[in-house]
Amino acid sequence: MLRSHTCGELNIQNVGQEVTLAGWVQKSRDLGGMTFIDLRDRYGITQLVFNMATNAALCEEARKLGREYVVKVQGSVAERSNKNPKLPTGEIEIIVDSFKVLNPSELPPFTIEDNTDGGEELRMKYRYLDLRRNPIKRNLELRHKMALETRNYLDSQGFYEIETPFLIKSTPEGARDFVVPSRMNEGQFYALPQSPQTFKQLLMIAGYDRYFQIVRCFRDEDLRADRQPEFTQIDCEMSFVTQDDILNTFEGMTKHLFKNVKGVEVEDFPRMTYDEAMKYYGSDKPDIRFAMKFVELNDVAKGKGFRVFDDAELIVGICAKGCAAYSRKQLDQLTDFVKKPQIGAKGLVYLKFNEDGSFKSSVDKFFDQEALKGCAEKFEAKPGDLMLILAGETDRTRKALNELRLEMGNRLELRNPNVYKPLWVVDFPLLEWDEETQRYHAMHHPFTSPRKEDIEIMETKPGEVRANAYDLVTNGVEIGGGSIRIHNKELQKRMFTLLGFTDKEAQNQFGFLMNAFEYGAPPHGGIALGFDRLVALFGGSDSIRDYIAFPKNNAGRDVMIDSPSEISKEQLDELGLCIRQTTARKAIR
RNA sequence: GGUCACGUAGUUCAGUUGGUUAGAAUGCCGGCCUGUCACGCCGGAGGUCGCGAGUUCGAGUCUCGUCGUGACCGCCA
């Protein structure tokens with residue numbers, strides 16, 4: 001080793017020792033007579049001291065060291081006369097006898113500090129420099145610990161970690177596939193897995209009744225702060241289990257992570273049906289750190305002559321505690337908020353329950369005090385509360401009110417990132433109607449089993465069939481989801497028929513799985529947790545990028561290595577591909 | 001596919017109603033300084049205002065296009 005110690009481990013106990021350290025120059029402070037240099041590595045910072053009085057030549061040399069130079073120093077550990085309580089190594093310093101520049105450095109384009117002066121774009125371009133910063137280092141350490149604890153827990157529960165292939169077959173359901181041309185099979189393509197779904201089911205059929213994998217998945221869809229084209233899942237599958245067994249196992253895992261990584265004990269996870277989640281929160285991933293549940297007002301608000309309400313499919317609102325004193329300006333802000341195109345509400349009705357017991361609303365023309373009181377009672381409102389009401393078509397209105405509820409939660413600071421409220425959302429619909437293609441889509445995926453009592457209505461009322469599917473939700477973020485799978489060929493066939501597959505198509509796309517079902521498939525089910533999101537949640541951030549060593553930007557580009565990029569004519573020829581002229585021209589620009 | 005925001009010194013930003021020589025902080029360079037740790041003090045260098053076109057007597061500022069970045073909607077079983 002080029003060093004005897006790291007830059008984070010020396011302390012008052014080591015005084016007098018001769019040591020060799022290696023690291024990067026974080027900062028130098030030249031005081032004239034003496035020079036201090038902070039030497040940094042992954043483990044911390046140790047101060048080096050050079051003194052003109054004792055070794056002028058060495059001190060002169062040290063003054064020339066620039067930021068991010070890599071140096072090796074030999075010296076002795078000494079107690080500082082002026083200690084720095086902010087640093088773990090702040091009681092000591094190294095009196096340097098000699099040093100060597102292992103590698104000089106260009107001046108970095110941004111400062112390598114906790115609060116860097118670098119913007120997002122620059123930091124991504126020089127990601128290897130950004131990764132030297134403490135906050136990112138802490139995030140990757142958190143990620144490592146969580147992966148380790150995940151493996152510890154699942155190992156303790158008898159799970160095997162088994163790898164599955166990345167070069168697989170493209171399937172029509174679900175997200176768009178990333179595709180890889182095959183040189184040896186010209187004109188044919190592999191797809192990268194959106195998840196190891198079918199393989200883990202095959203592992204169940206093979207008898208590996210507890211499988212997991214911390215695995216990369218690929219989806220060629222547009223990105224967000226919490227979505228990358230390649231991302232990591234904790235992917236799991238179990239045989240001979242009921243839904244409760246899976247929920248309990250992974251509730252256990254989540255609690256284990258909270259306890260062993262964050263030192264937080266979380267309460268048992270409530271279970272809420274999809275219908276309840278939509279009715280009371282307008283979302284299939286409710287943030288239950290705060291209440292402000294939806295209250296439906298159809299029976300008290302209709303028939304008062306207010307057209308917007310009378311014509312509405314749903315009139316629904318929330319009660320913001322203690323907000324009756326909101327000014328006209330604040331209410332206008334909220335109205336503008338819900339009218340934004342992304343939210344899509346046409347307007348906002350407010351109802352103030354004043355401290356003096358009177359009511360004031362934006363619909364006073366149609367509602368007398370008694371009628372307003374009737375509404376307020378529905379909300380169980382108290383004097384000082386503000387009720388915010390939307391009306392319109394059910395799904396849209398709920399969606400908009402969900403956004404408003406979260407906005408109010410932010411304004412009232414009810415969404416503390418240090419509070420964790422996980423829950424299970426269960427009984428998802430099996431199918432979802434897609435307007436664009438005019439057919440049903442699997443809401444989860446095509447292998448999800450319908451609830452037993454709903455199987456008989458699969459063909460008659462497909463939209464009402466509930467699935468044995470569940471999501472793990474925490475603080476308004478979908479952390480994971482899974483289902484009990486179909487393990488019966490006939491039922492799987494019926495499912496494919498519902499999804500609009502012909503027998504031939506189903507056989508072509510998923511024949512391998514259907515055939516496997518004929519060889520003793522056990523009942524099975526599983527779950528996949530979004531590892532990047534889980535780590536970001538633990539780290540208290542909405543963006544997963546800072547928890548991935550080398551992330552891509554929101555156009556799916558890696559700005560550091562500048563990918564994707566064109567490939568040579570020779571490569572294209574070898575693959576039997578040609579690029580459309582219009583596309584090629586665009587790419588050149 | 002769509003909406004919005006941003007793009008000015010190495011970096012982060014300010015820049016008024018379109019008006020003379022585009023500023024600040026930080027970083028960088030030089031000088032001074034023996035206990036700093038956000039060191040301090042003095043001085044200095046550093047600009048294709050993303051790019052292109054247009055409007056105008058005059059554009060960092062207004063308009064259009066384009067590129068880049070970020071956020072969101074659609075999309076993401």
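Below, all heavy atoms of this structure are taken into account, side chains as well, without hydrogens, waters or symmetry copies. As the structure is a computational prediction, the values presented were derived from the model and not from experiment.
C75(B) and U61(B) have their P atoms separated by 38 Å, with the value rounded to a whole Å. The separation of U12(B) from U36(B), taken at their C1' atoms, amounts to 26 Å, rounded to a whole angstrom. Atom name P, nucleotides U63(B) and U16(B): the rounded distance is 14 Å, in whole Å.
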Short N/O separations, protein against nucleotides 68-71 of chain B, under 3.5 angstrom:
residue	atom	partner	partner atom	Å
G68(B)	O2'	Glu121(A)	OE2	3.0
U69(B)	OP1	Asn553(A)	ND2	2.7
G70(B)	OP1	Arg545(A)	NH1	3.4
G70(B)	OP2	Asn554(A)	N	3.3
G70(B)	OP2	Asn554(A)	OD1	2.6
G70(B)	N7	Asn554(A)	ND2	3.4
A71(B)	OP2	Arg545(A)	NH1	3.4
A71(B)	OP2	Arg545(A)	NH2	3.0

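Under the Watson-Crick or G-U wobble criterion, with both distances below 3.5 Å, U63(B) is paired with A53(B). U3(B): Watson-Crick or G-U partner is A71(B), with both key distances under 3.5 Å. Pair assignment for A25(B) gives U11(B), based on Watson-Crick or G-U wobble hydrogen-bonding distances that are each under 3.5 Å.
Using a 4.0 Å heavy-atom criterion, one finds that Ser195(A) contacts the bases of the nucleic acid, with or without backbone contacts as well. Pro109(A) comes within 4.0 angstrom of sugar-phosphate atoms only, judged by non-hydrogen atoms across all strands, and of no base. Using a 4.0 Å heavy-atom criterion, one finds that Lys83(A) contacts the bases of the nucleic acid, with or without backbone contacts as well. At the heavy-atom level, Ile45(A) lies nowhere under 4.0 Å from the strands shown. At the heavy-atom level, Glu113(A) lies nowhere under 4.0 Å from the strands shown. Heavy atoms of Phe36(A) sit under 4.0 angstrom from at least one base atom.
Whole-Å rounding puts the Asp542(A) CG to C72(B) C1' distance at 13 Å. We find that CZ of Arg123(A) is positioned 11 Å from P of U12(B), with the value rounded to whole Å. Rounded to whole Å, atom C1' of G35(B) lies 16 Å from atom CE of Met52(A). Per the geometry, CG belonging to Asp532(A) stands 14 Å off C1' belonging to C76(B), to the nearest Å. Per the geometry, NE2 belonging to His441(A) stands 11 Å off C1' belonging to C75(B), to the nearest Å. Met443(A) places its CE atom 12 Å from the P atom of C75(B), with the value rounded to the nearest Å.
By the side chain to side chain contact (heavy atoms under 4.5 Å, CB included) test, Asn508(A) is found to be paired with no residue, residues two or more places apart in sequence or in another chain being considered.
Checked for salt-bridge contact, Arg133(A) and Asp546(A) miss the test: no charged N lies under 4.0 Å from a carboxylate O. No salt bridge links Glu403(A) with Lys340(A); every basic N to acidic carboxylate O contact stays at or beyond 4.0 Å.
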Contact letters for nucleotides 38-44 of chain B, in which S counts primed atoms plus P, OP1 and OP2 and B counts the base, heavy atoms under 4.0 Å:
SB-----
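Donor-acceptor pairing under 3.5 Å is lacking for the side chains of Gln509(A) and Glu505(A).
In this pair, His524(A) and Phe517(A) present their aromatic rings tilted. The plane angle is within the 30 to 60° band.
For Arg227(A), no side-chain nitrogen or oxygen approaches OP1 or OP2 of C75(B) to under 4.0 Å.
The side chain of Asp117(A) lies closest to U11(B), out of U11(B), G35(B), G74(B).
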